[in-house]
Amino acid sequence: MRDLCPEADLFVDPLAGGGSSACAARLLGLSFFGLELDPILACVCLAKSTAIADHARVLPPSATPSHDEPVVSCLAVTRRLSAGTDHPVSSAAMLADLERDAPAPTLPLVLWADATQATVWDELHVEAQHAVLYTSPPFGINSPRPQAPSELYADAVTALASAEAARASAGPDTFASYEEIATSVVVHAARKLGRATVILEHEPADDGSDARGSTARLLLDSLGDRVESLRILECGAYSPRGQFSLIVCEVRP
């Protein structure tokens, strides 16, 4: 973020996943707008963008997120999800992290929503001089998703409804191509934003195919001369999929 768009005053992630962008926006003191179609991940992202130490202090010890405060409920979902991983996070660790490292939230809005649907973008009301859209479209049908019991899914849906953050009624179903998803969310965002820096993470698909060139062409076909300085930055190989890259461009008003 600091290297590619140091002047950004709004961070947008339409495929927000588990909230890495939400954390980055918070650490940078930027307003954050995040959309995520998986309700469990939307809970995690909402917690990361919004929770303060007071929420962690009242996190109930029981597994069920029955607290009246929806952010506490989202924290509880996050803790339960982490319990099934190789690196579970305890309530004490959450509290320590929020006390030590978390700046105050700056106008975050996280919604359980399908970012490829135009109407949900009407909820982006933050005025920005220069936004950054940083996101990671799914690289293939086998892109990681949380494996969680149905009870946790239901509790996540309840927590999001309590937070008035539910704009969807179901999680991911069919899988569109990387190019289609990436272009769709950028086009919808461009309709709402003025000047923006777009940064798309890319790794090869399940079959090893490379969508960088086709995505770049589709962005140019869709947005025409609004797209400037389109480039691909190769960053290294961090998973068995292969080369990790960033597709970067400027979108002007």
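The basis for the numbers below is simple: all heavy atoms, side chains too, and nothing from hydrogens, waters or symmetry mates.
- When all heavy atoms are compared, the tightest approach of Tyr134 to Glu201 is OH-OE2, 2.8 Å.
- When atom types are taken as modelled, the side chain of Thr135 and the backbone of Pro137 share no donor-acceptor pair closer than 3.5 angstrom.
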Please evaluate residues Ser214 and Glu179 with respect to the criterion side chain to side chain contact (heavy atoms under 4.5 Å, CB included), reporting the C-alpha separation (whole Å), side-chain torsions for both, the decisive distance (0.1 Å), and the verdict. CA-CA 7 Å; Ser214 54; Glu179 301 97 314; 2.7 Å; yes

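- There is no path of hydrophobic side-chain contacts, each under 4.5 Å, that joins Leu218 to Val227.
- For Arg100, the CZ atom is densely surrounded, since the number of other residues' heavy atoms within 6.0 Å is greater than 12.
- Residues Leu30 and Leu27 fall into different hydrophobic clusters, defined by Ile, Leu, Val, Met, Phe, Trp and Tyr side chains chained together at heavy-atom separations under 4.5 Å.
- By the 4.5 Å heavy-atom criterion applied to side chains, Val198 and Leu219 are not counted as neighbours.
- Below 30°, between 30° and 60°, or above 60°: for Tyr238 and Phe244 the angle between ring planes is above 60°, a perpendicular geometry.
- Contact of the Leu223 side chain with the Val187 side chain is registered, since non-hydrogen atoms from C-beta on lie closer than 4.5 Å.
- Between Phe33 and Trp121, the two ring planes are tilted [angle within 30° to 60°].
- Panel note: side chain Arg226, backbone Gly224; no donor-acceptor pair is recorded below 3.5 Å.
- To the nearest 0.5 Å, atoms CG (Leu107) and OG (Ser49) are separated by 11.5 Å.
- Judged by distance alone, with hydrogens and angles left aside, the side-chain atoms of Ser162 form no donor-acceptor pair with the main-chain N or O of Thr158 at under 3.5 Å.
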Before giving the answer on side chain to side chain contact (heavy atoms under 4.5 Å, CB included), spell out for Phe32 and Arg26 the whole-Å C-alpha distance, their side-chain angles and the decisive distance to 0.1 Å. CA-CA 8 Å; Phe32 179 73; Arg26 190 165 174 176; over 6 Å; no

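- Between Arg241 atom CZ and Gln243 atom CD the span is 14.0 Å, to the nearest 0.5 Å.
- Enclosure of atom CD in Glu164 is not indicated, since only 12 or fewer non-hydrogen atoms of other residues, nucleotides or ligands lie within 6.0 angstrom.
- In this structure, His188 contributes its side chain and Ala115 its backbone to no donor-acceptor pair below 3.5 Å.
- With a 4.5 Å cut-off on side-chain heavy atoms, Val251 and Leu193 do not count as touching.
- Atom-to-atom distance recorded for Leu15:CG and Cys45:SG is 11.0 Å, nearest 0.5 angstrom.
- Nearest approach of Cys5 to Ala131, heavy atoms of both residues: SG-O, 4.4 Å.
- Side-chain contact between Leu10 and Leu124 is present, with at least one heavy-atom pair separated by less than 4.5 Å.
- For the pair Arg252/Asp225, a side-chain contact is recorded, criterion being any heavy-atom separation below 4.5 Å from C-beta on.
- Of the N and O atoms on the side chains of His130 and Thr197, at least one donor lies less than 3.5 Å from an acceptor on the other residue.
- Within the 3.5 Å criterion, the main-chain N or O of Ile247 finds no donor-acceptor partner in the side chain of Arg212.
- Across Pro204 and His202, no two heavy atoms sit closer than the pair N-CE1, 3.9 Å.
- Nearest heavy atom pair, residue Gly18 against residue Val44, reads O-CG1, 3.4 Å.
- Proximity of a side-chain donor or acceptor of Arg191 to a complementary backbone N or O of Ala118 within less than 3.5 Å is detected.
- Within the 4.5 Å cutoff, no side-chain heavy atoms of Val58 are placed close to those of Glu69.
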Hey, mind stepping through Val110 and Thr50 against side chain to side chain contact (heavy atoms under 4.5 Å, CB included) and telling me if it holds? CA-CA 9 Å; Val110 176; Thr50 309; 5.5 Å; no

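- Checked by atom type and distance alone, the side chain of Ser184 never pairs as donor or acceptor with a backbone atom of Ile181 at under 3.5 Å.
- Using a 4.5 Å heavy-atom cutoff, the side chains of Leu246 and Leu4 are in contact.
- For Glu36 against Ala16, the heavy-atom pair with the smallest separation is OE1-N, 3.4 Å.
- A donor-acceptor pair under 3.5 Å is absent between the side-chain atoms of Arg167 and the main chain of Trp112, judged by distance alone.
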Decide side chain to side chain contact (heavy atoms under 4.5 Å, CB included) for Leu98 and Ile52; before the verdict, give the C-alpha distance in whole Å, the side-chain angles of both, and the deciding distance to 0.1 Å. CA-CA 6 Å; Leu98 289 168; Ile52 58 175; 5.9 Å; no

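- Of the inter-residue distances, the one linking Asp155 atom CG with Leu81 atom CG reads 12.5 Å to the nearest 0.5 angstrom.
- Within the model, atoms SG of Cys43 and CG of Leu152 stand 8.0 Å from one another, a figure rounded to the nearest 0.5 Å.
- Atom CZ in Phe139 sits 11.5 Å away from atom CG in Asp210 (nearest 0.5 Å).
- By the criterion of side-chain heavy atoms lying less than 4.5 angstrom apart, applied directly or through intervening Ile, Leu, Val, Met, Phe, Trp or Tyr residues, Leu95 is not grouped with Val77; the two fall into different hydrophobic clusters.
- When all heavy atoms of Phe11 and Ala24 are compared, the closest pair comes out as CE1-CB, 4.0 Å.
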